[in-house]
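As C-alpha coordinates, the structure follows; a few thoughts come after it.
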There are 2 protein chains.
Amino acid sequence: MGDPVFEDLTARARIRDAAIRLFAEGGTGGTTVRDIAQAAGVSPGLLRHHFGSKEALREACDGYVLDRLVQIKEELLLENKMASPGFLPSVHPTILLFYRYVTRALLDGSPRAAALFDDMVLLTEQWIGKNAPDVTTDYRGFAAVLVGMQSGILAMHDHVSRALGVDIFTAGGHVRMAGALADFYSHPLLDPEFAAQARRAMEPLQSTETPTAAGDDPGAEGA
Amino acid sequence: MGDPVFEDLTARARIRDAAIRLFAEGGTGGTTVRDIAQAAGVSPGLLRHHFGSKEALREACDGYVLDRLVQIKEELLLENKMASPGFLPSVHPTILLFYRYVTRALLDGSPRAAALFDDMVLLTEQWIGKNAPDVTTDYRGFAAVLVGMQSGILAMHDHVSRALGVDIFTAGGHVRMAGALADFYSHPLLDPEFAAQARRAMEPLQSTETPTAAGDDPGAEGA
DNA sequence: GTGGACGCTATACAGGCGTACAGTCGGCTA
DNA sequence: TAGCCGACTGTACGCCTGTATAGCGTCCAC
(Lines give C-alpha, C1' and ligand atoms only; values in the text may rest on other atoms or scores of the structure.)
Protein backbone atom coordinates (compact mmCIF):
# COMPACT_ATOMS: atom_id res chain seq x y z
CA MET A 1 0.00 0.00 0.00
CA GLY A 2 1.80 3.14 1.24
CA ASP A 3 5.47 3.81 1.77
CA PRO A 4 7.00 0.44 2.58
CA VAL A 5 8.98 1.82 5.49
CA PHE A 6 5.74 2.49 7.37
CA GLU A 7 4.33 -0.98 7.02
CA ASP A 8 7.09 -2.37 9.13
CA LEU A 9 7.67 -3.01 12.81
CA THR A 10 5.51 -6.08 12.22
CA ALA A 11 6.48 -9.72 12.24
CA ARG A 12 5.92 -9.75 8.51
CA ALA A 13 8.61 -7.09 8.11
CA ARG A 14 10.95 -8.91 10.45
CA ILE A 15 10.55 -12.04 8.35
CA ARG A 16 11.23 -10.13 5.16
CA ASP A 17 14.30 -8.41 6.60
CA ALA A 18 15.69 -11.65 7.97
CA ALA A 19 15.10 -13.32 4.62
CA ILE A 20 16.89 -10.51 2.79
CA ARG A 21 19.90 -10.83 5.04
CA LEU A 22 20.06 -14.63 4.88
CA PHE A 23 19.39 -14.78 1.15
CA ALA A 24 22.12 -12.18 0.61
CA GLU A 25 24.59 -14.27 2.59
CA GLY A 26 23.75 -17.82 1.58
CA GLY A 27 21.49 -17.57 -1.45
CA THR A 28 18.03 -19.03 -1.64
CA GLY A 29 19.33 -22.58 -1.89
CA GLY A 30 21.51 -22.23 1.17
CA THR A 31 18.76 -20.80 3.34
CA THR A 32 15.84 -22.76 4.80
CA VAL A 33 12.51 -21.39 5.87
CA ARG A 34 13.32 -22.58 9.37
CA ASP A 35 16.52 -20.51 9.34
CA ILE A 36 14.56 -17.43 8.35
CA ALA A 37 11.89 -18.08 10.94
CA GLN A 38 14.47 -18.45 13.69
CA ALA A 39 16.30 -15.30 12.62
CA ALA A 40 13.02 -13.41 12.64
CA GLY A 41 11.99 -14.89 15.97
CA VAL A 42 8.80 -16.49 14.70
CA SER A 43 7.57 -19.96 13.86
CA PRO A 44 8.15 -21.49 10.40
CA GLY A 45 4.43 -21.67 9.83
CA LEU A 46 4.13 -17.92 9.95
CA LEU A 47 6.22 -17.57 6.81
CA ARG A 48 3.65 -19.55 4.95
CA HIS A 49 0.82 -17.63 6.57
CA HIS A 50 2.22 -14.30 5.39
CA PHE A 51 3.93 -15.16 2.13
CA GLY A 52 2.41 -18.44 0.98
CA SER A 53 5.62 -20.14 -0.02
CA LYS A 54 9.37 -19.77 0.03
CA GLU A 55 9.41 -18.78 -3.62
CA ALA A 56 6.76 -16.12 -3.02
CA LEU A 57 8.81 -14.81 -0.11
CA ARG A 58 11.81 -14.55 -2.37
CA GLU A 59 9.81 -12.59 -4.92
CA ALA A 60 8.58 -10.29 -2.19
CA CYS A 61 12.18 -9.70 -1.09
CA ASP A 62 13.26 -9.10 -4.68
CA GLY A 63 10.52 -6.54 -5.15
CA TYR A 64 11.21 -4.82 -1.86
CA VAL A 65 14.97 -4.55 -2.37
CA LEU A 66 14.71 -3.40 -5.96
CA ASP A 67 11.99 -0.86 -5.19
CA ARG A 68 13.92 0.54 -2.25
CA LEU A 69 17.03 0.73 -4.37
CA VAL A 70 15.41 2.86 -7.08
CA GLN A 71 13.65 4.86 -4.37
CA ILE A 72 16.95 5.66 -2.69
CA LYS A 73 18.52 6.44 -6.04
CA GLU A 74 15.75 8.88 -6.88
CA GLU A 75 16.07 10.56 -3.51
CA LEU A 76 19.76 11.03 -4.07
CA LEU A 77 19.19 12.49 -7.50
CA LEU A 78 16.62 14.93 -6.14
CA GLU A 79 18.91 16.00 -3.32
CA ASN A 80 21.67 16.44 -5.85
CA LYS A 81 23.93 14.18 -3.84
CA MET A 82 25.12 12.33 -6.89
CA ALA A 83 28.89 12.08 -6.96
CA SER A 84 31.05 9.34 -8.43
CA PRO A 85 29.54 5.91 -8.96
CA GLY A 86 30.17 3.88 -5.85
CA PHE A 87 30.23 6.97 -3.66
CA LEU A 88 27.01 6.69 -1.73
CA PRO A 89 27.25 2.92 -1.17
CA SER A 90 30.13 3.66 1.09
CA VAL A 91 28.07 5.70 3.49
CA HIS A 92 25.01 3.51 3.58
CA PRO A 93 25.23 0.01 5.10
CA THR A 94 21.74 -0.77 3.88
CA ILE A 95 22.74 -0.15 0.29
CA LEU A 96 25.75 -2.39 0.76
CA LEU A 97 23.44 -5.14 2.02
CA PHE A 98 21.09 -4.58 -0.89
CA TYR A 99 23.95 -4.75 -3.38
CA ARG A 100 24.92 -8.02 -1.83
CA TYR A 101 21.35 -9.25 -2.07
CA VAL A 102 21.01 -8.32 -5.73
CA THR A 103 24.33 -9.97 -6.53
CA ARG A 104 23.17 -13.20 -4.93
CA ALA A 105 19.81 -12.89 -6.67
CA LEU A 106 21.65 -12.60 -9.97
CA LEU A 107 23.48 -15.85 -9.23
CA ASP A 108 20.30 -17.54 -8.06
CA GLY A 109 18.51 -16.71 -11.28
CA SER A 110 16.01 -14.17 -10.02
CA PRO A 111 14.02 -12.76 -12.96
CA ARG A 112 13.76 -9.31 -11.42
CA ALA A 113 17.49 -9.13 -10.79
CA ALA A 114 18.07 -10.25 -14.37
CA ALA A 115 15.83 -7.44 -15.58
CA LEU A 116 17.89 -5.00 -13.53
CA PHE A 117 21.04 -6.36 -15.14
CA ASP A 118 19.56 -5.81 -18.58
CA ASP A 119 18.59 -2.26 -17.67
CA MET A 120 22.12 -1.57 -16.53
CA VAL A 121 23.51 -2.91 -19.78
CA LEU A 122 21.21 -0.64 -21.75
CA LEU A 123 22.12 2.39 -19.66
CA THR A 124 25.81 1.60 -19.98
CA GLU A 125 25.47 1.19 -23.72
CA GLN A 126 23.99 4.67 -23.95
CA TRP A 127 26.64 6.06 -21.64
CA ILE A 128 29.39 4.71 -23.85
CA GLY A 129 27.83 6.18 -26.96
CA LYS A 130 27.77 9.55 -25.29
CA ASN A 131 30.93 9.62 -23.17
CA ALA A 132 33.37 7.18 -24.75
CA PRO A 133 32.26 6.44 -28.31
CA ASP A 134 35.74 5.58 -29.56
CA VAL A 135 36.75 2.84 -27.15
CA THR A 136 34.99 0.08 -29.08
CA THR A 137 32.90 -0.75 -32.10
CA ASP A 138 30.83 -3.28 -30.16
CA TYR A 139 28.82 -1.09 -27.79
CA ARG A 140 26.57 -3.88 -26.66
CA GLY A 141 29.43 -6.27 -25.99
CA PHE A 142 31.42 -3.64 -24.19
CA ALA A 143 28.47 -2.71 -22.00
CA ALA A 144 27.69 -6.35 -21.21
CA VAL A 145 31.30 -6.96 -20.20
CA LEU A 146 31.38 -3.82 -18.09
CA VAL A 147 28.19 -4.60 -16.20
CA GLY A 148 29.16 -8.25 -15.89
CA MET A 149 32.48 -7.26 -14.34
CA GLN A 150 30.92 -4.76 -11.97
CA SER A 151 28.44 -7.27 -10.64
CA GLY A 152 30.82 -10.17 -10.98
CA ILE A 153 33.41 -8.72 -8.68
CA LEU A 154 30.72 -8.54 -6.00
CA ALA A 155 29.88 -12.17 -6.70
CA MET A 156 33.53 -12.95 -5.95
CA HIS A 157 33.07 -11.17 -2.65
CA ASP A 158 34.68 -13.82 -0.47
CA HIS A 159 37.83 -14.11 -2.53
CA VAL A 160 38.35 -10.41 -3.18
CA SER A 161 37.84 -9.73 0.51
CA ARG A 162 40.35 -12.41 1.43
CA ALA A 163 42.94 -10.99 -0.97
CA LEU A 164 42.34 -7.50 0.37
CA GLY A 165 42.28 -8.53 4.02
CA VAL A 166 39.04 -6.62 4.54
CA ASP A 167 35.40 -7.39 3.79
CA ILE A 168 34.36 -5.42 0.71
CA PHE A 169 30.80 -5.27 2.04
CA THR A 170 31.92 -3.09 4.91
CA ALA A 171 32.40 0.62 4.36
CA GLY A 172 36.19 0.47 4.63
CA GLY A 173 36.53 -2.51 2.35
CA HIS A 174 34.21 -1.06 -0.22
CA VAL A 175 36.20 2.17 -0.29
CA ARG A 176 39.41 0.23 -0.76
CA MET A 177 37.91 -1.68 -3.67
CA ALA A 178 36.39 1.44 -5.21
CA GLY A 179 39.78 3.12 -5.09
CA ALA A 180 41.36 0.28 -7.01
CA LEU A 181 38.45 0.39 -9.44
CA ALA A 182 39.00 4.10 -9.99
CA ASP A 183 42.64 3.40 -10.82
CA PHE A 184 41.55 0.62 -13.10
CA TYR A 185 38.98 2.63 -15.01
CA SER A 186 41.27 5.60 -15.52
CA HIS A 187 44.35 3.80 -16.89
CA PRO A 188 44.76 1.58 -19.92
CA LEU A 189 46.44 -1.68 -19.06
CA LEU A 190 47.20 -3.00 -22.52
CA ASP A 191 48.89 -1.49 -25.55
CA PRO A 192 46.12 -0.83 -28.11
CA GLU A 193 48.22 -2.50 -30.78
CA PHE A 194 48.60 -5.58 -28.63
CA ALA A 195 44.84 -5.64 -28.13
CA ALA A 196 44.21 -5.36 -31.85
CA GLN A 197 46.66 -8.14 -32.51
CA ALA A 198 44.97 -10.34 -29.95
CA ARG A 199 41.63 -9.66 -31.59
CA ARG A 200 42.98 -10.60 -35.02
CA ALA A 201 44.43 -13.79 -33.60
CA MET A 202 41.11 -14.80 -32.10
CA GLU A 203 38.83 -14.07 -35.00
CA PRO A 204 39.37 -17.27 -36.99
CA LEU A 205 38.49 -19.37 -33.94
CA GLN A 206 34.80 -18.71 -33.73
CA SER A 207 33.71 -22.06 -35.17
CA THR A 208 34.28 -24.85 -32.68
CA GLU A 209 31.83 -27.24 -31.11
CA THR A 210 30.22 -26.23 -27.84
CA PRO A 211 31.93 -27.30 -24.59
CA THR A 212 28.86 -28.43 -22.68
CA ALA A 213 27.50 -30.87 -25.25
CA ALA A 214 26.37 -34.16 -23.79
CA GLY A 215 28.93 -36.42 -25.39
CA ASP A 216 32.17 -34.61 -24.74
CA ASP A 217 34.77 -36.18 -22.52
CA PRO A 218 37.24 -33.76 -20.94
CA GLY A 219 39.66 -36.52 -20.06
CA ALA A 220 39.86 -38.16 -23.47
CA GLU A 221 41.93 -35.58 -25.25
CA GLY A 222 45.53 -35.98 -26.25
CA ALA A 223 48.73 -35.13 -24.41
CA MET B 1 49.34 -42.54 -10.69
CA GLY B 2 50.51 -41.84 -14.25
CA ASP B 3 49.16 -39.42 -16.76
CA PRO B 4 45.51 -38.95 -15.86
CA VAL B 5 44.36 -39.24 -19.45
CA PHE B 6 45.45 -42.90 -19.48
CA GLU B 7 43.49 -43.93 -16.45
CA ASP B 8 40.24 -43.26 -18.20
CA LEU B 9 37.78 -45.20 -20.29
CA THR B 10 36.64 -46.62 -16.96
CA ALA B 11 33.39 -46.05 -15.13
CA ARG B 12 35.32 -44.10 -12.54
CA ALA B 13 36.42 -41.65 -15.21
CA ARG B 14 32.91 -41.41 -16.62
CA ILE B 15 31.61 -40.54 -13.17
CA ARG B 16 34.28 -37.90 -12.70
CA ASP B 17 33.66 -36.34 -16.11
CA ALA B 18 29.90 -36.30 -15.59
CA ALA B 19 30.40 -34.73 -12.18
CA ILE B 20 32.67 -32.04 -13.63
CA ARG B 21 30.10 -31.14 -16.24
CA LEU B 22 27.17 -31.11 -13.84
CA PHE B 23 29.05 -29.28 -11.10
CA ALA B 24 30.15 -26.70 -13.66
CA GLU B 25 26.57 -26.13 -14.75
CA GLY B 26 24.64 -26.31 -11.50
CA GLY B 27 27.19 -26.14 -8.71
CA THR B 28 27.60 -28.79 -6.06
CA GLY B 29 24.41 -27.81 -4.28
CA GLY B 30 22.34 -27.99 -7.45
CA THR B 31 23.62 -31.42 -8.42
CA THR B 32 22.66 -34.71 -6.75
CA VAL B 33 24.64 -37.90 -6.72
CA ARG B 34 21.74 -39.54 -8.54
CA ASP B 35 22.02 -36.94 -11.32
CA ILE B 36 25.71 -37.69 -11.68
CA ALA B 37 25.15 -41.44 -11.65
CA GLN B 38 22.50 -41.19 -14.32
CA ALA B 39 24.66 -38.94 -16.49
CA ALA B 40 27.53 -41.40 -16.16
CA GLY B 41 25.27 -44.39 -16.82
CA VAL B 42 25.99 -46.14 -13.53
CA SER B 43 24.20 -46.73 -10.26
CA PRO B 44 24.36 -44.19 -7.42
CA GLY B 45 26.06 -46.75 -5.22
CA LEU B 46 29.05 -46.85 -7.50
CA LEU B 47 29.86 -43.21 -6.73
CA ARG B 48 30.28 -44.13 -3.12
CA HIS B 49 32.25 -47.21 -4.00
CA HIS B 50 34.79 -45.21 -6.00
CA PHE B 51 34.86 -41.88 -4.24
CA GLY B 52 33.48 -42.48 -0.76
CA SER B 53 31.21 -39.46 -0.59
CA LYS B 54 29.89 -36.56 -2.62
CA GLU B 55 32.32 -34.17 -0.97
CA ALA B 56 35.25 -36.47 -1.74
CA LEU B 57 34.07 -36.66 -5.35
CA ARG B 58 34.06 -32.90 -5.51
CA GLU B 59 37.60 -32.76 -4.18
CA ALA B 60 38.66 -35.32 -6.76
CA CYS B 61 37.09 -33.20 -9.49
CA ASP B 62 38.77 -30.08 -8.13
CA GLY B 63 42.13 -31.76 -8.17
CA TYR B 64 41.68 -33.24 -11.61
CA VAL B 65 40.52 -30.00 -13.23
CA LEU B 66 43.19 -27.87 -11.60
CA ASP B 67 45.97 -30.34 -12.37
CA ARG B 68 44.89 -30.66 -15.98
CA LEU B 69 44.68 -26.90 -16.27
CA VAL B 70 48.27 -26.32 -15.15
CA GLN B 71 49.34 -29.30 -17.25
CA ILE B 72 47.76 -27.78 -20.36
CA LYS B 73 49.25 -24.43 -19.51
CA GLU B 74 52.72 -25.92 -19.20
CA GLU B 75 52.35 -27.75 -22.47
CA LEU B 76 51.41 -24.53 -24.19
CA LEU B 77 54.36 -22.72 -22.70
CA LEU B 78 56.72 -25.47 -23.80
CA GLU B 79 55.33 -25.49 -27.32
CA ASN B 80 55.70 -21.73 -27.36
CA LYS B 81 52.09 -21.35 -28.35
CA MET B 82 51.51 -18.57 -25.89
CA ALA B 83 49.79 -15.68 -27.56
CA SER B 84 47.39 -13.20 -25.99
CA PRO B 85 45.57 -14.22 -22.82
CA GLY B 86 42.27 -15.75 -23.81
CA PHE B 87 43.63 -17.07 -27.09
CA LEU B 88 43.87 -20.74 -26.46
CA PRO B 89 40.59 -21.07 -24.55
CA SER B 90 38.86 -20.33 -27.81
CA VAL B 91 40.26 -23.36 -29.56
CA HIS B 92 39.81 -25.76 -26.71
CA PRO B 93 36.27 -26.57 -25.55
CA THR B 94 37.67 -28.54 -22.63
CA ILE B 95 39.41 -25.47 -21.28
CA LEU B 96 36.17 -23.54 -21.58
CA LEU B 97 34.43 -26.24 -19.56
CA PHE B 98 37.21 -26.19 -17.00
CA TYR B 99 37.01 -22.43 -16.70
CA ARG B 100 33.34 -22.80 -16.05
CA TYR B 101 34.01 -25.47 -13.47
CA VAL B 102 36.58 -23.39 -11.63
CA THR B 103 34.27 -20.40 -11.63
CA ARG B 104 31.51 -22.46 -10.07
CA ALA B 105 33.98 -23.95 -7.60
CA LEU B 106 34.96 -20.42 -6.58
CA LEU B 107 31.31 -19.61 -5.86
CA ASP B 108 30.81 -22.90 -4.04
CA GLY B 109 33.71 -22.22 -1.71
CA SER B 110 36.16 -24.84 -2.92
CA PRO B 111 39.46 -24.45 -1.05
CA ARG B 112 41.54 -25.47 -4.06
CA ALA B 113 39.79 -22.96 -6.30
CA ALA B 114 40.35 -20.30 -3.65
CA ALA B 115 44.04 -21.15 -3.62
CA LEU B 116 44.12 -20.75 -7.39
CA PHE B 117 42.48 -17.36 -7.01
CA ASP B 118 45.14 -16.31 -4.52
CA ASP B 119 47.88 -17.47 -6.87
CA MET B 120 46.39 -15.43 -9.67
CA VAL B 121 46.28 -12.35 -7.45
CA LEU B 122 49.94 -12.80 -6.59
CA LEU B 123 50.91 -13.27 -10.22
CA THR B 124 48.89 -10.25 -11.25
CA GLU B 125 50.47 -8.18 -8.52
CA GLN B 126 53.90 -9.01 -9.88
CA TRP B 127 52.77 -8.37 -13.44
CA ILE B 128 51.58 -4.90 -12.50
CA GLY B 129 54.85 -4.09 -10.77
CA LYS B 130 56.73 -5.05 -13.90
CA ASN B 131 54.44 -3.95 -16.74
CA ALA B 132 52.26 -1.16 -15.39
CA PRO B 133 53.81 0.20 -12.20
CA ASP B 134 52.24 3.65 -12.48
CA VAL B 135 48.56 2.78 -12.72
CA THR B 136 48.07 2.52 -8.97
CA THR B 137 49.75 2.78 -5.59
CA ASP B 138 47.74 -0.16 -4.23
CA TYR B 139 49.18 -3.10 -6.15
CA ARG B 140 47.44 -5.71 -4.03
CA GLY B 141 44.06 -3.99 -4.26
CA PHE B 142 44.43 -3.48 -7.98
CA ALA B 143 45.37 -7.11 -8.53
CA ALA B 144 42.51 -8.37 -6.37
CA VAL B 145 40.03 -6.25 -8.29
CA LEU B 146 41.44 -7.38 -11.60
CA VAL B 147 41.30 -11.07 -10.80
CA GLY B 148 37.91 -10.66 -9.14
CA MET B 149 36.54 -9.05 -12.27
CA GLN B 150 38.05 -11.63 -14.59
CA SER B 151 36.53 -14.51 -12.69
CA GLY B 152 33.43 -12.56 -11.75
CA ILE B 153 32.37 -11.96 -15.30
CA LEU B 154 32.40 -15.71 -15.83
CA ALA B 155 30.27 -16.10 -12.72
CA MET B 156 27.77 -13.77 -14.39
CA HIS B 157 27.80 -16.12 -17.35
CA ASP B 158 24.03 -16.37 -17.77
CA HIS B 159 23.44 -12.65 -17.78
CA VAL B 160 26.38 -11.65 -19.94
CA SER B 161 25.41 -14.34 -22.43
CA ARG B 162 21.84 -13.09 -22.49
CA ALA B 163 22.96 -9.52 -23.09
CA LEU B 164 25.28 -10.68 -25.85
CA GLY B 165 22.82 -13.06 -27.43
CA VAL B 166 25.43 -15.82 -27.45
CA ASP B 167 26.74 -18.21 -24.79
CA ILE B 168 30.13 -16.99 -23.64
CA PHE B 169 31.16 -20.58 -22.91
CA THR B 170 31.01 -21.43 -26.58
CA ALA B 171 33.93 -20.53 -28.80
CA GLY B 172 32.10 -17.77 -30.64
CA GLY B 173 30.70 -16.20 -27.50
CA HIS B 174 34.03 -16.33 -25.74
CA VAL B 175 35.71 -14.59 -28.66
CA ARG B 176 33.06 -11.89 -28.65
CA MET B 177 33.59 -11.31 -24.95
CA ALA B 178 37.36 -11.39 -25.24
CA GLY B 179 37.17 -8.76 -27.96
CA ALA B 180 35.18 -6.44 -25.73
CA LEU B 181 37.64 -7.15 -22.94
CA ALA B 182 40.55 -6.23 -25.18
CA ASP B 183 38.86 -2.91 -25.95
CA PHE B 184 38.21 -2.45 -22.27
CA TYR B 185 41.77 -3.15 -21.16
CA SER B 186 43.32 -0.93 -23.79
CA HIS B 187 41.28 2.24 -23.25
CA PRO B 188 40.79 4.38 -20.16
CA LEU B 189 37.14 5.00 -19.42
CA LEU B 190 37.44 7.72 -16.81
CA ASP B 191 39.32 10.99 -16.69
CA PRO B 192 42.20 10.47 -14.22
CA GLU B 193 41.31 13.70 -12.49
CA PHE B 194 37.75 12.54 -12.05
CA ALA B 195 39.03 9.30 -10.57
CA ALA B 196 41.29 11.14 -8.15
CA GLN B 197 38.40 13.36 -7.14
CA ALA B 198 36.21 10.35 -6.52
CA ARG B 199 38.91 8.82 -4.38
CA ARG B 200 39.25 11.98 -2.30
CA ALA B 201 35.51 12.10 -1.83
CA MET B 202 35.42 8.52 -0.57
CA GLU B 203 38.32 8.62 1.83
CA PRO B 204 36.51 10.16 4.82
CA LEU B 205 33.84 7.45 4.69
CA GLN B 206 35.81 4.48 5.87
CA SER B 207 34.35 4.38 9.38
CA THR B 208 30.79 3.11 9.28
CA GLU B 209 29.24 0.13 10.99
CA THR B 210 29.16 -3.15 9.10
CA PRO B 211 26.10 -3.92 6.96
CA THR B 212 25.65 -7.53 7.92
CA ALA B 213 25.53 -7.09 11.70
CA ALA B 214 22.77 -9.06 13.37
CA GLY B 215 20.71 -6.17 14.67
CA ASP B 216 20.41 -3.98 11.63
CA ASP B 217 17.05 -3.44 10.04
CA PRO B 218 17.11 -2.39 6.43
CA GLY B 219 13.52 -1.24 6.53
CA ALA B 220 13.76 1.01 9.56
CA GLU B 221 15.61 3.89 7.92
CA GLY B 222 14.03 7.21 7.10
CA ALA B 223 12.53 8.48 3.87
C1' DG C 1 -20.79 -9.59 25.95
C1' DT C 2 -20.19 -12.20 22.04
C1' DG C 3 -18.78 -13.77 17.31
C1' DG C 4 -15.54 -13.74 13.92
C1' DA C 5 -11.21 -12.66 11.98
C1' DC C 6 -6.43 -12.47 12.32
C1' DG C 7 -1.70 -13.35 14.02
C1' DC C 8 0.67 -17.10 15.35
C1' DT C 9 2.23 -21.86 16.98
C1' DA C 10 2.82 -26.83 16.92
C1' DT C 11 2.65 -30.91 14.71
C1' DA C 12 2.42 -33.80 10.89
C1' DC C 13 3.19 -35.26 6.04
C1' DA C 14 5.34 -36.37 1.55
C1' DG C 15 9.38 -36.08 -1.08
C1' DG C 16 14.24 -35.81 -2.00
C1' DC C 17 18.69 -35.97 -0.23
C1' DG C 18 23.35 -38.33 1.06
C1' DT C 19 24.66 -42.46 2.86
C1' DA C 20 24.96 -47.34 4.16
C1' DC C 21 24.86 -52.20 3.16
C1' DA C 22 23.80 -56.82 1.48
C1' DG C 23 24.32 -59.16 -2.48
C1' DT C 24 25.46 -60.44 -7.60
C1' DC C 25 28.49 -60.90 -11.42
C1' DG C 26 32.87 -61.66 -13.83
C1' DG C 27 37.66 -62.26 -14.23
C1' DC C 28 42.08 -63.47 -12.20
C1' DT C 29 45.10 -66.64 -9.46
C1' DA C 30 46.51 -71.23 -7.41
C1' DT D 1 38.30 -76.34 -11.17
C1' DA D 2 38.00 -73.74 -6.67
C1' DG D 3 38.45 -69.63 -4.41
C1' DC D 4 38.94 -64.85 -4.01
C1' DC D 5 38.60 -59.99 -4.95
C1' DG D 6 37.03 -55.91 -6.99
C1' DA D 7 33.43 -53.68 -9.85
C1' DC D 8 28.80 -52.89 -9.68
C1' DT D 9 23.62 -52.92 -8.46
C1' DG D 10 19.27 -52.39 -5.74
C1' DT D 11 17.22 -51.27 -1.79
C1' DA D 12 16.58 -49.19 2.43
C1' DC D 13 17.57 -45.95 6.30
C1' DG D 14 17.65 -41.48 8.57
C1' DC D 15 17.65 -36.75 7.94
C1' DC D 16 16.18 -32.40 6.31
C1' DT D 17 13.42 -29.89 3.24
C1' DG D 18 9.05 -27.19 1.89
C1' DT D 19 4.33 -27.57 2.66
C1' DA D 20 -0.15 -28.40 4.86
C1' DT D 21 -3.46 -28.07 8.63
C1' DA D 22 -5.61 -27.94 13.14
C1' DG D 23 -5.83 -25.25 17.05
C1' DC D 24 -4.65 -21.49 20.34
C1' DG D 25 -4.90 -16.67 22.02
C1' DT D 26 -6.14 -11.81 21.19
C1' DC D 27 -8.33 -7.88 19.39
C1' DC D 28 -12.06 -5.41 17.14
C1' DA D 29 -17.00 -4.71 15.48
C1' DC D 30 -21.54 -5.03 16.60
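All values below come from the heavy atoms of this structure, side chains included, with hydrogens, waters and symmetry mates left out. Everything numeric here is computed off the predicted structure, so don't read it as measured data. The chains referred to below are lettered A, B, ... by the order of the sequence lines, with proteins before strands, and numbering in each begins at 1.
Sequence order on DNA chain C of the closest nucleotides to A:His49 and B:Ser53 puts A:His49 first from the 5' end.
When all heavy atoms are compared, the tightest approach of A:Ala155 to A:Leu107 is CB-CD1, 3.9 Å.
Here chain A contacts DNA chain D (any atom closer than 4.0 Å to a heavy atom, that is under 4.0 Å), and the contacts span D:dT17 to D:dT21 from 5' to 3'. Close approach of DNA chain C to chain A, defined as any atom under 4.0 Å from a non-hydrogen atom of the protein, starts and stops at C:dG7 to C:dA12.
Counting any heavy atom pair closer than 4.0 Å across all strands shown, A:Thr28 reaches no nucleic acid atom.
Atom OH of B:Tyr64 and atom CG of B:Leu57 lie 13.5 Å apart (nearest 0.5 Å). Atoms CG and CE, from A:Asp138 and B:Met177 in turn, are 12.5 Å apart once rounded to the nearest 0.5 Å. Going from atom CG of A:Leu116 over to atom OG of A:Ser151 covers 9.0 Å, rounded to the nearest 0.5 Å. To the nearest 0.5 Å, the span separating CZ on A:Arg16 from CZ on A:Arg21 amounts to 14.0 Å.
A:Arg68 forms no cation-pi arrangement with A:Phe98, by the criterion of a distance under 6.0 Å to the ring centre and an angle within 45° of the ring axis.
For the side chain to side chain contact (heavy atoms under 4.5 Å, CB included) with B:Ser161, the qualifying choice from B:Val166, B:Ile168, B:Thr170 is B:Ile168, the only one to do so.
When atom types are taken as modelled, the side chain of A:His159 and the backbone of B:Leu106 share a donor-acceptor pair closer than 3.5 angstrom.
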